[in-house]
J.: 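Dropping a structure here in structure tokens format, bear with me for questions.
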Amino acid sequence: MPTTFIVLLGPPGVGKGTQASILAERTGLAHVSSGDLFRENIKKNTELGKLVKKILSDGELVPDDLTIAMIRNRLTRPDCEAGAILDGFPRTPAQADALQAMLAEFNGDVEHVPFINAPEDILVTRLSGRRTCRANGHVYHTTYNPPKRAGICDIDNSDLYQREDDQVDTVKRRIQVYMDQTAPLIEYYRRINNLQEIDGAQTIEAVTASLGKSLEN
Ligand code: ADP
Ligand code: ADP
């Protein structure tokens with residue numbers, strides 16, 4: 001049985017992680033977030049974590065070889081046997097090429113590439129209000145998706161913090177890095193797959209509904 005991989009494309013803050021979590025719950029596919037994997041490595045102070053800490057806090061991209069090796073390792077875990085929702089990977093054409101090669105090896109394919117987009121002012125507002133759970137990375141927003149108790153994760157009672165790279169100066173840099181290095185993937189997937197554009201400026205529920213429809217096709 002070939003496995004199903006969904007690549008969620010879109011700028012920082014558009015809602016990829018939020019939608020990937022909802023979709024993972026509904027489909028049973030694994031949610032693979034490259035950003036979460038880097039942050040776990042930083043938290044555990046692994047060799048990889050030490051190498052990438054400053055890169056993440058500066059809002060730059062981790063080199064392709066380190067990123068590809070980490071994702072390859074993650075995709076060989078048993079929970080990815082049926083496929084995965086990829087959130088934040090690939091972010092460069094070289095990573096996308098590496099993904100094609102890996103999936104050919106695992107008898108899988110990139111079946112859907114939803115491209116969620118929204119204007120820059122919305123991205124900045126979302127990233128500035130994002131709060132992240134210290135224990136497991138659950139994501140909230142101070143205005144649009146607040147926790148039941150301020151500053152506390154609904155799911156595991158852990159405290160919520162603001163990511164260093166969600167400070168406004170780094171947010172601007174990350175959006176620029178996305179434009180320069182990741183946006184070329186829109187054309188890349190338009191050529192080889194069925195890229196489907198989704199209006200990310202809608203509410204979380206409306207984006208989920210649009211995404212659901214695009215995955216039926
Ligand atoms: P990404 O993974 O693309 O960086 P996130 O899913 O982490 O984006 O969302 C960024 C922030 O915006 C979070 O605080 C999240 O709660 C909030 N958010 C996500 N989707 C929406 C939406 N459709 N409307 C309003 N806020 C949203
Ligand atoms: P966002 O919520 O803005 O989409 P992520 O959590 O996906 O952010 O990523 C946080 C940081 O981790 C990025 O700014 C970058 O430094 C690093 N990173 C994540 N994924 C990749 C990738 N595929 N290639 C290179 N660096 C990455």
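Not measured: the values here are computed from a predicted model. When a residue number appears, it is its place in the shown sequence, counting from 1. Every heavy atom of this structure was used, including side-chain atoms; hydrogens, water molecules and symmetry mates were not.
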J.: Apply salt bridge (charged side-chain N to carboxylate O under 4.0 Å, His left out) to residues Asp159 and Arg134 and explain how you reach the verdict.
T.: CA-CA 6 Å; Asp159 70 314; Arg134 182 94 53 197; 3.5 Å; yes
J.: Hey, is Arg174 close enough to Asp166 for a salt bridge, meaning N to O under 4.0 Å?
T.: yes
J.: How far apart are the closest heavy atoms of Cys133 and Asp156, and which atoms are they?
T.: SG-OD1, 3.4 Å
J.: CD/Glu164 to CD/Gln162 distance, rounded to the nearest 0.5 angstrom?
T.: 10.0 Å
J.: Can you tell me how far the CD1 atom of Ile155 sits from the NE2 atom of His138, to the nearest 0.5 Å?
T.: 3.5 Å
J.: If you define the side chain from C-beta out and look only at heavy atoms, does anything of Thr27 sit under 4.5 Å from Ile85?
T.: yes
J.: Does any non-hydrogen side-chain atom of Val124 lie less than 4.5 Å from one of Ile175?
T.: yes
J.: With Glu60 as reference, evaluate Lys53, Lys54, Arg173 under the salt bridge (charged side-chain N to carboxylate O under 4.0 Å, His left out) test and give the passing residue.
T.: Arg173
J.: What are the two closest non-hydrogen atoms of Leu185 and Pro90, and how far apart are they?
T.: CD1-O, 3.3 Å
J.: Do any N or O atoms from the side chain of Arg131 and from the backbone of Gly151 form a donor-acceptor pair under 3.5 angstrom?
T.: no
J.: Taking side chain as C-beta onward, heavy atoms only, is Asp199 less than 4.5 Å from Ser210?
T.: no
J.: Which residue pairs pass the ring-ring contact (aromatic ring centres under 6.0 Å, His included) test with at least one member in residues 160-201, sequence neighbours excluded?
T.: none
J.: When hydrophobic residues are tied together by side-chain contacts of less than 4.5 Å, even through go-betweens, does Ile186 share a cluster with Leu99?
T.: yes
J.: Less than 4.5 Å apart, side chain to side chain, heavy atoms only: is that true for Leu103 and Asp109?
T.: no
J.: State the CZ-CD1 distance between Phe38 and Ile55, to the nearest 0.5 angstrom.
T.: 8.0 Å
J.: Side chains of Leu37 and Leu48: does their closest heavy-atom pair fall under 4.5 Å?
T.: no
J.: Would you sort out whether Leu215 and Gln196 count as a side-chain contact (heavy atoms from CB on, under 4.5 Å), showing the intermediate values?
T.: CA-CA 9 Å; Leu215 296 177; Gln196 296 209 275; 6.0 Å; no
J.: Between Thr170 and Asp165, is there a side-chain donor-acceptor contact under 3.5 Å, judged purely by atom types and distance?
T.: no
J.: Is there a path of hydrophobic side-chain contacts, each under 4.5 Å between heavy atoms of I/L/V/M/F/W/Y residues, joining Ile42 to Val139?
T.: no
J.: Verify, without hydrogens or angle tests, whether Lys16 (side chain) and Gly10 (backbone) share a donor-acceptor contact under 3.5 angstrom.
T.: yes
J.: Do Val32 and Leu56 sit in one hydrophobic cluster, given that two such residues count as connected whenever their side-chain heavy atoms are within less than 4.5 Å of each other, even indirectly?
T.: yes
J.: Does Phe89 reach the side chain of Ile68, with side-chain heavy atoms less than 4.5 Å apart?
T.: yes
J.: So among Asp64, Asp97, Thr67, which one has a side chain to side chain donor-acceptor pair (under 3.5 Å) with Thr92?
T.: Asp64
J.: Return the CE to CG distance between Met70 and Leu66, rounded to the nearest 0.5 Å.
T.: 9.0 Å
J.: Is there a chain of hydrophobic side chains (I, L, V, M, F, W, Y, each step under 4.5 Å between heavy atoms) that links Val7 to Leu61?
T.: no
J.: When Ile, Leu, Val, Met, Phe, Trp and Tyr are grouped by side-chain heavy atoms lying under 4.5 Å apart, directly or through other members, which residues fall in the same group as Ile152?
T.: none
J.: Under the side-chain contact (heavy atoms from CB on, under 4.5 Å) rule, what do Gln19 and Ile198 come out as? Steps first, then yes or no, please.
T.: CA-CA 12 Å; Gln19 298 300 331; Ile198 290 169; over 6 Å; no
J.: Kindly indicate, with the supporting measurements, whether the criterion salt bridge (charged side-chain N to carboxylate O under 4.0 Å, His left out) is fulfilled by Lys50 and Glu47.
T.: CA-CA 5 Å; Lys50 287 181 207 160; Glu47 285 309 309; 3.3 Å; yes
J.: Same cluster for Leu195 and Leu86 if Ile/Leu/Val/Met/Phe/Trp/Tyr side chains link at under 4.5 Å?
T.: yes
J.: On a heavy-atom basis, which atom in Arg74 and which in His31 lie closest, and how many Å separate them?
T.: NH2-O, 4.4 Å
J.: Side chains of Ile192 and Val110, heavy atoms from C-beta outward: is any pair under 4.5 Å?
T.: no
J.: Might you work through the salt bridge (charged side-chain N to carboxylate O under 4.0 Å, His left out) test for Lys213 and Glu216, ending with a clear yes or no?
T.: CA-CA 5 Å; Lys213 272 193 212 123; Glu216 281 166 16; over 6 Å; no
J.: To check you understand the geometry: which heavy-atom pair defines the closest contact between Gly59 and Val177, and what is its length?
T.: O-CG2, 3.7 Å
J.: Could you walk me through whether Leu8 and Leu211 pass the side-chain contact (heavy atoms from CB on, under 4.5 Å) test, one step at a time?
T.: CA-CA 10 Å; Leu8 285 183; Leu211 189 57; 4.3 Å; yes
J.: For Asn45, does the CG atom have more than 12 heavy-atom neighbours from other residues, nucleotides or ligands under 6.0 Å away?
T.: yes
J.: Is any side-chain heavy atom of Ser158 less than 4.5 Å from a side-chain heavy atom of Asn136?
T.: no
J.: I need the Ile204 CD1 to Asn145 CG distance, nearest 0.5 Å.
T.: 4.5 Å
J.: In Å, rounded to the nearest 0.5 Å, how long is the span from CZ of Arg26 to OG of Ser21?
T.: 12.0 Å
J.: Could you report the tightest heavy-atom contact between Asp154 and Lys148, atom names first, then the distance?
T.: OD1-N, 2.8 Å
J.: Of the non-hydrogen atoms in Val62 and Val52, which two are nearest, and what is the gap between them?
T.: CG1-CG1, 3.8 Å
J.: Got a sec, which residues hit ring pair (Phe, Tyr, Trp, His ring centres under 6.0 Å) with His141, two or more places apart in sequence or on another chain?
T.: Tyr144
